[in-house]
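Below, chain A is the first sequence line, B the second, and so on; all start at residue 1. These numbers come from the heavy atoms of this one structure, side chains and all, not from hydrogens, waters or symmetry mates.
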Amino acid sequence: MLLIPCPFCGEREEDEFVFGGDAKRERPTDPTSTSTEQWVDYVYNSNNTKGESLEWWWHAQGCTKWFRITRNTVTHAITPESDR
Amino acid sequence: MQRYSIFSLARNALTGHKNWQQVWRSPSPKKEYDVVIIGGGGHGLGAAWYLARDHGITNVAVVEKGWLGGGNTGRNTMTVRSNFLREASVPFHEKSLDLYHELAKDLNYNLMVSERGMITFIQSSAVNRVQMQMANTMHIYGAKYRMMGLDEVRRRVPIFDPPDDMRLPIHGAIHQPRASMVRHDAVAWGFARAADARGVDILQQTEVTGIARENGGVTGVQTNRGFIKAKKVAMAVAGHGSVVADMAGIRLPIVTQPLQAWVSEPIKPVLNEIIVIRSYHGTYLMQSDKGEIVIGQGADPYPSYAQRGTIPIIEDATAAVLEVFPSFERLKLLRHWAGMLDMTFDGSPIISKTDVKGFYVDVAGSGGFKTTPAAAKTFAHLIANDEPHVLTGELGLDRFHSGRLVPEGGVSANH
């Protein structure tokens, strides 16, 4: 069971949260100059990081806040963004 | 290869079991191979065997960082089935079932194929609609998938006893008679033994640390036992697809997620069929040959390489099982584990060439045990001919460029 630090509510159990994806993924800023290859990479490919990963989480069953944490995908150790 | 039979068993029993040959060699790596396959699970070992048997390519090495079948080949719940939704998926998974049913003879190795049949409960009109669509697609390809009333469910599964006030009442079921359970370790061992007999080098405890390239093509793999030259390199790893592909500079449309399972203490036979309670997050259960009740659910809801799962899933799926089978309430849980899925964006496998010449990828997608023989056979075809097999023409990486996806996410993410 992960204990996820919500910036508003504090540490809560993981089933109150929804995983919101890789926070390092960046949408191409200018659609007109973005090639198909770049769009394909943005839409489908993933970093799928093994190790420390910056992630979005949503406290859906609590205060509904969206926030970021760094989670190690091997050890599941979590660092809140404010601590970094 | 020493053939296994009732006679060899009797002969060896009478001579005190002292004359069994070792099942495969443990050779030192050669300097160069025609094909190096990364990953000694079912897919990699199977591809090596099909390369040797069907394509005459025997200068092949399978490199495995651990031991054979010690990855996700040994971490699934042994279920093989072909109830899928799309025209690109059903014939591929049907082929896999066909091959599973004949492989034991071809490999001279008992895979303990047990044709239990799979019963999927229908608890909503949405599930009913999807299941009927699947049945129609499957019938086109000759796969039997039929509706089943509750009377027949009760006859086949006497222990089925849901309460009258169930949250989502069960209205009926759908049945795939040919869904089976297969001894998963035996698949890896059977392929390994048969591939070794045809000259394939199986290199265990050999970890690939880099993939060498020159002029846009592969030249070999760097391992903890030195550099191995290779004309072609084929990746058949599960749970580490992104990590290995990254060594060749390839980014893949996958996310690594745990898929958990847990088993009860063994009990006497009470459950023949494989049961799927779809509306409760795809919870499924079956009784293993050893008598354990095996329980699992869909993949965990966030990425992880940890090979262990999250506790809410266990609670959720066990509650679902106990609602339909209250008599399992007093069973003690014996073991729990998690395998890792390299979940693709659309839930379907990727068997494909890449932008690096001579580098091929086989990514199982939503759990690759059921696809093992078909994936191995088509992957070998791709490696040998540099062209996809007819069954996997739509399962290449190019589908993410064309947008012609094979969406199976909703029906595939378990077992």
CD (B:E315) with more than 12 external heavy atoms under 6.0 Å:
no
Portion of A:D41 that has a non-hydrogen atom of chain B nearer than 4.5 angstrom
both
What closest approach, in Å, do A:N45 and B:L252 show between heavy atoms, and which atom pair accounts for it?
OD1-C, 3.5 Å
Among A:E37, A:H76, A:M1, which has the most heavy-atom pairs under 4.5 Å with chain B?
A:H76
Given that the side chain runs from C-beta out, which part of B:P301 has a heavy atom under 4.5 Å from chain A: side chain, backbone, both or neither?
backbone
May I ask you to check whether B:H401 and A:T36 show a side-chain donor-acceptor distance below 3.5 Å?
no
Geometric class of the A:F19/B:Y302 ring pair [parallel <30°, tilted 30-60°, perpendicular >60°]:
tilted
Are more than 12 heavy atoms from other residues, nucleotides or ligands located less than 6.0 Å from atom CZ of B:R404?
no
How would you list, in number order, the residues of residues 2-10 of chain A that have a heavy atom less than 4.5 Å from chain B?
A:L2
Okay, A:T49 and chain B: the region with an atom under 4.5 Å from a heavy atom over there is backbone
Would you mind checking which part of A:W39 comes under 4.5 Å of any heavy atom in chain B, side chain (CB onward), backbone (N, CA, C, O), both or neither?
neither
Look at A:E55, A:E13, A:E14 and state which one has the largest set of heavy-atom pairs under 4.5 Å with chain B.
A:E14
More than 12 heavy atoms of other residues, nucleotides or ligands under 6.0 Å from CH2 of B:W67: is that the case?
no
Select one option (side chain, backbone, both, neither) describing which atoms of A:D22 are under 4.5 Å from chain B's heavy atoms.
neither
Looking at B:Q205, I'd like to know if its CD atom is crowded, meaning that more than 12 non-hydrogen atoms belonging to other residues, nucleotides or ligands lie closer than 6.0 Å.
no
Counting heavy atoms not belonging to B:E329, are there more than 12 under 6.0 Å from its CD?
no
As a quick check of understanding, evaluate side chain to side chain contact (heavy atoms under 4.5 Å, CB included) for A:K50 and B:S242, giving each step before the final call.
CA-CA 9 Å; A:K50 184 178 181 182; B:S242 295; over 6 Å; no
Interface residue of largest heavy-atom contact number with chain A, from B:I311, B:T256, B:D246, B:V243, under 4.5 Å
B:T256
Closest-packed option against chain A by number of heavy-atom pairs under 4.5 Å, given B:D316, B:T310, B:I313
B:T310
Whether the A:N48 and B:Y305 side chains hold a donor-acceptor pair (N or O, under 3.5 Å, no angle test) is what I'd like checked.
yes
Applying ring pair (Phe, Tyr, Trp, His ring centres under 6.0 Å), name anything that partners B:W262, two or more places apart in sequence or on another chain.
none
Side chain to side chain contact (heavy atoms under 4.5 Å, CB included) partner of A:Y44, the single match among B:T344, B:L397, B:L405, B:I254:
B:L405
Heavy-atom pair count under 4.5 Å with chain B, highest-scoring of A:V74, A:N72, A:T73, A:T75
A:T73
